[in-house]
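Working notes for the structure below.
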Amino acid sequence: MDITPLIPADRQVIDAYGPGRFRVSNVVYETPIIVFPDRTIPWTVGGFAGLQPDDFAALIAEQPSLEIVLLGTGPTMQLFTSTLRRAVKERGLGGIDAMDTGAACRTYNVLLAEGRRVAAALLPA
């Protein structure tokens with residue numbers, strides 16, 4: 001599924017996603033990833049159920065701070081527990097929106113095209 005809007009060439013665009021893989025700025029990833037406007041990094045997590053506050057360290061450390069983080073939870077939307085949300089917020093990361101991974105990919109590209117400080121933490125669909 002191609003989801004590429006018009007975005008400046010120096011930005012990390014999520015070109016496509018599918019079962020177990022992503023294509024970001026023409027690079028294929030077959031692991032969970034975090035996509036920032038200027039880079040994509042592997043995200044070493046076991047899955048949604050095992051997420052811990054430390055798993056968000058790269059997002060918390062981002063400077064300038066992110067406006068919003070999109071959490072792609074896999075093929076279906078899953079609830080981000082209030083305990084985990086609170087722990088991550090206490091460490092300095094507010095605005096996390098959980099949604100299925102396809103929606104997170106599409107939303108990331110739209111917000112990036114608007115020039116927003118956005119990142120997407122994505123588990124494969």
Between [X] and [Y], what is the shortest heavy-atom contact and its length?
| X | Y | value |
| --- | --- | --- |
| Pro53 | Val88 | CA-CG2, 4.0 Å |
| Phe80 | Ala98 | CB-CB, 4.1 Å |
| Tyr17 | Arg106 | OH-NH1, 2.6 Å |
| Leu59 | Ala119 | CD2-CB, 3.7 Å |
| Leu70 | Ala104 | CD1-O, 3.6 Å |
| Ser25 | Asp15 | N-OD2, 3.0 Å |

Using a 4.5 Å cut-off between side-chain heavy atoms of Ile, Leu, Val, Met, Phe, Trp and Tyr, which other residues end up in the same hydrophobic cluster as Met77?
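Under the 4.5 Å side-chain rule, Met77 groups with Leu79.
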Test item: [X] and [Y] side chains (from C-beta on) under 4.5 Å apart, heavy atoms:
| X | Y | answer |
| --- | --- | --- |
| Val28 | Arg21 | yes |
| Met99 | Thr107 | yes |
| Val45 | Leu123 | yes |
| Phe56 | Val69 | no |
| Tyr29 | Pro42 | no |
| Val13 | Val24 | no |

Among residues at least two apart in sequence or on other chains, which ones pass side chain to side chain contact (heavy atoms under 4.5 Å, CB included) with [X]?
| X | result |
| --- | --- |
| Thr44 | none |
| Thr76 | Gln78 |
| Thr81 | Thr83, Leu84 |

Which pairs with one or both residues in residues 110-125 pass side chain to side chain donor-acceptor pair (under 3.5 Å), sequence neighbours excluded?
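Found Glu62-Arg117, Glu67-Arg116.
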Which pairs, with at least one residue in residues 91-104 and sequence neighbours excluded, count as a side chain to side chain donor-acceptor pair (under 3.5 Å)?
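Only Asp54-Arg91 qualify under side chain to side chain donor-acceptor pair (under 3.5 Å).
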Do [X] and [Y] sit in the same hydrophobic cluster, where Ile, Leu, Val, Met, Phe, Trp and Tyr count as joined when their side-chain heavy atoms come under 4.5 Å apart?
| X | Y | answer |
| --- | --- | --- |
| Trp43 | Ile96 | yes |
| Ile41 | Ile68 | no |
| Leu71 | Ile60 | yes |
| Val110 | Leu66 | no |

As an exercise, state the distance from OG1 of Thr40 to CD1 of Ile14, rounded to the nearest 0.5 Å.
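Going from the OG1 atom of Thr40 to the CD1 atom of Ile14 covers 7.5 Å.
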Calculate, to the nearest 0.5 Å, the distance between atoms CG and CZ belonging to Leu122 and Phe22 respectively.
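One finds 4.5 Å between CG of Leu122 and CZ of Phe22.
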Quick one: which residue pairs count as a salt bridge (charged side-chain N to carboxylate O under 4.0 Å, His left out) with a foot in residues 68-86, not counting sequence neighbours?
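Applying salt bridge (charged side-chain N to carboxylate O under 4.0 Å, His left out) to every pair that reaches into residues 68-86, excluding sequence neighbours, yields nothing.
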Table please: side-chain donor-acceptor pairs of residues 30-37 below 3.5 Å, with sequence neighbours left out.
none

Mind checking side-chain hydrogen bond (donor to acceptor under 3.5 Å, both in side chains) for Thr73 and listing every partner two or more places apart, or none if nothing turns up?
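For Thr73 there are no side-chain hydrogen bond (donor to acceptor under 3.5 Å, both in side chains) partners, ignoring immediate neighbours.
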Enclosure of Arg39 CZ (heavy-atom neighbours >12, cutoff 6.0 Å)
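Correct, the count exceeds 12.
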